[in-house]
Amino acid sequence: MESIDKTIYVTQPALPDLDEFIPYLRKIWQSKRLTNNSLFHQQLEQELADFLGVKYVALFANGTLALLTALQVLRITGEVITTPYSFVATTNSLWWNNLKPVFVDVDPVFGNLDPKRIAEAITPQTTAILPVHVYGNPCQVELIQEIADVYGLKVIYDAAHAFGNNYKGQSIMNWGDLSTLSFHATKPYNTMEGGAIICHDEKTKKRIDYLKNFGFADEVTVMAPGINCKMNEMQAALGLLQLKYHQKNIEKRQIIADIYRNELKDISGIDLLAHSNDLENYNNSYFPVFVNEKVYGKSRDDLYFFLKENGILARRYFYPLISDFPSYRGMESAKSDNLPNAIKMANEVICLPIYPDLDNNQIEKIIDLI
Ligand SMILES: *Cc1c(COP(=O)(O)O)cnc(C)c1O
């Protein structure tokens, strides 16, 4: 089937050569072991732990189920402090656990949960903090941990954007009690759909493995009302193959990001995302720019629709804010005077296309249009 769709999407999944995938499939067919912690699943958990530099990786069918389960593993109750500036799955995972999200504003530079605002939002019902490393920039993990230690809170990082990113010489996912990942097709590392929880000790890894498999601790023991969100062998096999090409894909993304940065930096009214000095191995999972309407002369939405008319489907990540969706907008913490920085970012941001196969002509076209 030839593709005739000339639209340039915000991302396009990196895929290895199909011929290289066939031997993996053959192995699955021969073994007749399709899921339930089989060989590729075990191998991928080990290879990812080594690659990322973390102790334990528990694989999931997708990133949202990893978030849902992470909250169950730590038996989080009551209220959870979180950010409105994220993909909606972050807050939805709280809703599905019957937890009350409490929105706190983000810092104006990186768009990450502002530690200075967290303490003000704590009540006797607060049990956890759920921050997001937005666009892969690390949250202020030391300050967040200090607050968590003082108030006795758990910290779960939604690290969906931070696959492979290091902070001060080690994986950003070594911070917090748990971190979750997404391997969705739109992410820099994909298994079509997929996800993971990162944890730091064997006992927690075991509890995660029970919970993602109905709660079975052994043949006759169900330790809790678990769920089924296991990654299957086809996803795990693809993950193993994808990992071989990941570094090359990241290098291609870096080249594209460098071109964008060079050519957009002098356009007044188009502001680029800052990068934390402590960030290493940056994956360039997104390329957000911020449109300052007064200076640029056109609004973010003007630019968005103009690009769209010209076949470029950039995305307004993250707009609307999660706190503006019907399920959450009535909450006290969703009020606009509580979230000025998040509102400003949501109104100015546009994520430009970035993926390994984006070619120079396409990049030039996008830059010319801007
Ligand atoms: C992609 C993403 C998710 C959801 O992951 P899925 O694998 O699509 O379920 C959660 N949080 C953030 C911040 C994301 O970007």
Side-chain angles (χ1 to χ4, degrees), residues 35-37 41 45 48-49 54-83 86-103 113 122-133 144-145 148 151-160 162 173-184 191 193-232 235-236 322 327-328:
T35 184
N36 285 16
N37 195 26
H41 186 284
E45 286 194 339
L48 280 176
V54 299
K55 278 244 172 72
Y56 295 95
V57 175
L59 295 172
F60 278 77
N62 65 54
T64 302
L65 288 167
L67 274 169
L68 283 180
T69 307
L71 293 159
Q72 289 279 326
V73 170
L74 299 180
R75 304 180 74 115
I76 304 302
T77 58
E79 297 178 5
V80 177
I81 290 171
T82 192
T83 169
S86 179
F87 182 61
V88 69
T90 310
T91 311
N92 285 357
S93 71
L94 298 173
W95 199 93
W96 276 67
N97 273 296
N98 206 17
L99 298 165
K100 181 179 170 190
V102 175
F103 296 111
L113 201 56
I122 293 172
T123 76
Q125 280 70 48
T126 310
T127 60
I129 308 170
L130 177 59
V132 180
H133 302 297
I144 290 173
Q145 194 57 53
Y151 291 92
L153 309 177
K154 301 286 189 195
V155 182
I156 300 172
Y157 284 104
D158 181 339
M173 286 176 289
N174 287 328
W175 286 86
D177 295 280
L178 300 173
S179 294
T180 65
L181 285 169
S182 164
F183 309 145
H184 185 259
T191 59
E193 293 265 9
I197 300 180
I198 309 302
C199 69
H200 320 308
D201 66 90
E202 196 182 345
K203 283 182 190 160
T204 307
K205 168 74 161 78
K206 270 198 174 147
R207 279 176 46 74
I208 297 168
D209 287 346
Y210 300 157
L211 278 169
K212 76 180 192 187
N213 188 35
F214 311 99
F216 280 115
D218 60 44
E219 241 177 85
V220 292
T221 311
V222 171
M223 46 69 84
I227 192 169
N228 176 12
C229 39
K230 303 184 293 289
M231 177 180 275
N232 69 46
Q235 289 170 287
I322 303 174
S327 328
Y328 308 117

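Side chains included, hydrogens not; waters and symmetry mates left out as well; all remaining heavy atoms used.
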**Q** At what distance, to the nearest 0.5 angstrom, does CD1 of I81 lie from NZ of K100?
**A** 11.0 Å
**Q** Restricting to non-hydrogen atoms, name the atom on E45 and the atom on L59 that form the minimum distance, rounded to 0.1 Å.
**A** OE2-N, 3.0 Å
**Q** Looking only at heavy atoms, what is the nearest atom pair of A66 and A196, with distance?
**A** CB-O, 3.6 Å
**Q** Please report the interatomic distance OG1(T35) to CG(N228), rounded to the nearest 0.5 Å.
**A** 7.5 Å
**Q** Would you say that T126 contacts V102 through its side chain, given a criterion of any heavy-atom pair below 4.5 Å between the two side chains?
**A** no
**Q** Does a side-chain heavy-atom distance below 4.5 Å link I156 with V80?
**A** no
**Q** For T83 versus I322, what's the shortest heavy-atom pair and its separation?
**A** O-CD1, 4.0 Å
**Q** What's the spacing between M223 CE and L211 CG if we round to 0.5 Å?
**A** 4.0 Å
**Q** Indicate whether the side chain of N232 and that of K230 have a donor and an acceptor atom separated by less than 3.5 Å.
**A** no
**Q** Using the side chain to side chain donor-acceptor pair (under 3.5 Å) rule, collect all pairs that involve residues 54-76, keeping only residues at least two apart or in two chains.
**A** Q72-N97
**Q** Could you tell me whether the side chain of C229 reaches within less than 4.5 Å of the side chain of L68, counting heavy atoms only?
**A** no
**Q** Please name all residues satisfying side-chain hydrogen bond (donor to acceptor under 3.5 Å, both in side chains) with T127, sequence neighbours left out, ordered by chain then number.
**A** none
**Q** Do you know which two heavy atoms are closest between L113 and P131, and how far apart they sit?
**A** CD2-CB, 3.8 Å
**Q** So which atom in G176 and which in H200 form the shortest heavy-atom distance, rounded to 0.1 Å?
**A** O-NE2, 2.8 Å
**Q** Taking all heavy atoms of A70 and all of I197, pick out the closest pair and write down the distance.
**A** N-CD1, 3.7 Å
**Q** Decide yes or no for L181 and M173: does some side-chain heavy atom of the first lie under 4.5 Å from some side-chain heavy atom of the second?
**A** yes
**Q** What distance separates I198 CD1 from N174 CG, expressed to the nearest 0.5 Å?
**A** 9.0 Å
**Q** Does the side chain of Y157 come within less than 4.5 Å of I144's, by heavy atoms?
**A** yes
**Q** Output all residues satisfying side-chain hydrogen bond (donor to acceptor under 3.5 Å, both in side chains) with N92, sequence neighbours left out; order by chain, then residue number.
**A** Y328
**Q** Please name the residue in the list K206, R207, K205 that meets the side chain to side chain donor-acceptor pair (under 3.5 Å) test with D209.
**A** K205
**Q** Between S93 and L130, does a side-chain contact (heavy atoms from CB on, under 4.5 Å) hold up when you go through it step by step?
**A** CA-CA 10 Å; S93 71; L130 177 59; 4.1 Å; yes
**Q** I'd like to check F103 versus T82 (side-chain heavy atoms, cut-off strictly below 4.5 Å). Are they in contact?
**A** yes
**Q** Can you tell me how far CG of L99 sits from OG1 of T77, rounded to the nearest 0.5 angstrom?
**A** 7.5 Å
**Q** Could you work out, with side-chain hydrogen bond (donor to acceptor under 3.5 Å, both in side chains) as the rule, every residue matching T90, not counting sequence neighbours?
**A** S86, D158
**Q** Output the distance between atom CE (M231) and atom OG1 (T191), rounded to the nearest 0.5 Å.
**A** 3.5 Å
**Q** Looking at side-chain heavy atoms only, is the closest gap between L48 and F183 below 4.5 Å?
**A** yes
**Q** With A49, which residues qualify under side-chain contact (heavy atoms from CB on, under 4.5 Å), at least two apart?
**A** V54, V57
**Q** Evaluate whether atom CG of D201 has more than 12 neighbouring non-hydrogen atoms of other residues, nucleotides or ligands under 6.0 angstrom away.
**A** yes
**Q** Excluding sequence neighbours, so at least two apart, what forms ring pair (Phe, Tyr, Trp, His ring centres under 6.0 Å) with F60?
**A** none
